[in-house]
Every structure is written in structure tokens, then in C-alpha cells.
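To start, the structure itself, in C-alpha cells.
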Amino acid sequence: MVKTNLHGRHWIAPEIEWSDEELWTVIEVAFDLKRQYVAGVKHDQILKGKSLYLLFYNPSTRTRSSMIAGWTQLGGIAYDLDPGKLQLAHGETIYETAAIMSRMCDAIAIRRYVKGQPYGEGNLTMREYAHASHVPILNMECDMWHPMQGIADVMTVIEKFKQIKLRGKKFVFSWAYSPGAWKPVAVPQTDIIMFTRMLEMDVTLAYPKPFDLDPAVIKYTEQLADMYGTKFEITHDIEEAFNDALVVYPKGWCSWELLKKGGYKEDLHEQWKKEHMNELLKWKATPELMDLTKRGSIYMHCLPADIGRADQPVEVVPEVIFNNKWSVTVDQAENRLHGQKGIMAVCCGGRPRGWWE
Ligand code: CP
């Protein structure tokens, strides 16, 4: 059932804080807006006259461009505020910043995951903003979750297979070799939950030790799979993972073992990867691995991806990511726009809540 009382809600960790009906409301509104976009129907009355402040503590292409375009298409004005130019840089507190900015705008969207800081710090920052803010805080990726990506990913699979439930079908989130880049565990953690909850797929998580995810997220996904009657499996064998999969999502993330040691330490991470290079080289998306998947399978990646030759330590080879037979990455990236319009319309447009709600 579509919910009509979501105006004013924070979007910080909807994977664990929003109900199924609330998440489906976002997806239904997002598809509605996408159909209007295709047909050239304007919907600029939804956020007319409203302002959005974007705070990117980390780089972004897709999220930045889709947030600005999406808010504008809904009739509002989005401002890309660089935290480095705010008085935050001079030590003004998040509490003051959020309290003051939220008296002037209608939503604050934040991306924050910080190298070298303890796991969870990025998510905690968003909660600090939320504590002082009078308007919704929208998570554009923290060190635990990337829920905007999760909505776009679910929408893409629904569209590609023309089904809203894919029970009994295998979704694989696999680790892949990423040279040097700091990649949070946010996307795999969001998607193993979203694909279990929303699409009711059988989820396989594949990675070489020690690239585990947060044990609390694993436990929660196991409980969800029990509740929905789906499978959730972990394997350390990439070929076994790809075998018979309908959707594969191979992507790098940093080691949980290293995160546990007080945050991401690049030199430790690189040292470990160098020592285990031979066994890690096979962790990349190749045509040979894709041939093990089910007929009609798709390859997903949130982008940017590390692309290179099969003998190089990369996430994917060009023969897979640039091959329309498998790759849906551009459609997936476009759905960032439509998915986020759904989120912004639901949280910031719609029917204001009364004092009794
Ligand atoms: N997938 C994603 O969040 O892309 P950007 O880092 O470019 O925003």
C-alpha cells in the first residue's frame, strides 16, 4: 500500500529504518515520475520554491548530477555547498550548521565517508545533522549505507526483468579487485538487504577472506531471508558464485578486518593486497565468468568501475562492462535520477504531516 505520511522523514538508513510499504512508496513514485519524464510531462510543481543544500565531503559524479537535475525537475533549486568553504572548516559544529541551514532550506543531502576514521563515523555525522535539523537529511552515501544507489539498483532489475518479485532467482554481490581506491562497504551492505527485502531474490555474497562485511548487517540479512523464505549464502569461490546467477554485481570494497583496526588504512590494505595478488587476480568480471551465469543474465556496477585487461588487477574487463549483452550500467546510472526524484518527492513534497502524526 502506498503511504501518504512520509513528508519530513529522514533518509539516513532506510534499509533498516523504513518499512517495506514505505520503500515501495518511493519506488512507485519514482516510476511514476520516470514515466512522466519519458512522456515530457512536467512535474515542477512538486518542490516549487524549495531549496536543497548538497554537502559532499567526498567526490561524486552520478549522485551530484542526479540530485541537482532531479531537484530542479521537481521545481526547486539545489545548491552544491562545498563543506570546505563553510565555517565547518573553521571548527563550527555540525549542530550549529544544521540548526541554522535547516531554517533556510527544505532538505540537506550529505555524502560522508572518511578515510582513517572508525567504521560508522560517516553515518553518525548524518545523525548529528538530523538531531539539529528541522528538515529531512538525505544520505547520499555514508560508510555504512548507500540507499539512493539501492533504490536505483532495485528499479533497474524490475525494469530489465519486467517483474517486481524474482523469487528463486540468484543475485550475486561479489567482491572484485580494485586497485588502490578507497571503496566503502556501503553498496554491498545496502544491496544484500534491498534485494532480499524488495525483490525477494536468493542472495549470494562472494568475497575472498578477509573482505567480510559488518557482521551485524550479515546477521540482519540472514534474519530477513528467514522471514521472506529466501536464501542468503556466503561463498569464497567466485566461479561457484557466478554459476546460474541472473544478476551479478562485482565490485571492490575495503577489508572489514582492516576497518576493525580503527578505520581504513591505505598502506595496510595495499600491503595485504600485494601479498595475495595471485589469488585476488581472479576476482574480476570476465566473459568466462559471465558464461557461467544464467541465459539473459545482467552485469551491474554502481560506477565508477576499475576497467582493464584480464591479466591486470581490475574489477571488470571492457568485454563485459561495454557489452550490451550483459551490462546495464548506464541504465542503472540513469535510474539514480528517477529513484532520487522519488525519494525527494516523498520526503520533501507531498502532504505535510499534522501535529497528531
Ligand atoms: N555510484 C555513485 O554513487 O557514483 P558517484 O560516486 O559518482 O556519485
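As the structure lists them, so they are numbered: ligands from 1, and atoms in each ligand from 1. The figures that follow rest on heavy atoms only: side chains count, while hydrogens, waters and symmetry mates do not.
Checked by atom type and distance alone, the side chain of His146 never pairs as donor or acceptor with a backbone atom of Ala186 at under 3.5 Å. Formation of a donor-acceptor pair under 3.5 Å by the Glu96 side chain with backbone atoms of Thr93 is found in this model.
Considering only non-hydrogen atoms, atom 3 (O) of ligand 1 lies nearest to His146 out of Arg64, His146, His301, Lys251.
Remark: ligand 1 atoms within the under-4.0 Å shell around heavy atoms of Leu303 are 1 (N), 2 (C), 4 (O). Listed by number with element, the atoms of ligand 1 under 4.0 angstrom from any heavy atom of Cys302 are 1 (N). Residue contact check: Thr63 has heavy atoms under 4.0 Å from atoms 2 (C), 3 (O), 5 (P), 8 (O) of ligand 1.
Summarising the local packing, NE2 of His134 is surrounded by more than 12 heavy atoms from other residues, nucleotides or ligands at distances under 6.0 Å. Around the CD atom of Gln312, the shell of radius 6.0 Å holds more than 12 heavy atoms that belong to other residues, nucleotides or ligands.
Geometrically, ligand 1 and Pro304 share no nitrogen or oxygen pair separated by less than 3.5 Å. The shortest N or O to N or O distance between Pro59 and ligand 1 is not under 3.5 Å.
Under 4.0 Å from ligand 1, not a single heavy atom of Val187 appears. Here Gln149 has side-chain heavy atoms under 4.0 Å from ligand 1, and that is the only part of it that gets that close. Residue-level proximity to ligand 1 for Met140 is absent, since no heavy atom of it falls below 4.0 angstrom.
Ion pairing between Asp306 and Lys183 holds under the 4.0 Å rule for side-chain N and carboxylate O. For Arg197 and Glu21, the salt-bridge test fails: no basic side-chain N is under 4.0 Å from an acidic carboxylate O.
The single protein non-hydrogen atom nearest to atom 4 (O) of ligand 1 is Arg62 NE, 2.9 Å, given as residue, atom name and distance. Annotation: atom 7 (O) of ligand 1 to nearest protein heavy atom, Thr61 N, 2.7 Å. In terms of protein heavy atoms, atom 6 (O) of ligand 1 is closest to Arg111 NH1, 2.9 Å. The protein heavy-atom contact nearest to atom 2 (C) of ligand 1 is Arg336 NH1, 3.3 Å.
Checked options Arg336, Gln149, Glu141; the residue passing with Thr63 is Arg336 (criterion: side-chain hydrogen bond (donor to acceptor under 3.5 Å, both in side chains)).
Ring planes of Tyr249 and Phe173: parallel class, angle under 30° (limits at 30 and 60°). Phe195 and Phe171 have parallel rings, their planes meeting at less than 30° on a 0 to 90° scale where 60° marks the start of perpendicular.
Within the structure, ligand 1 lacks Met148 among the residues with a heavy atom less than 4.0 angstrom away.
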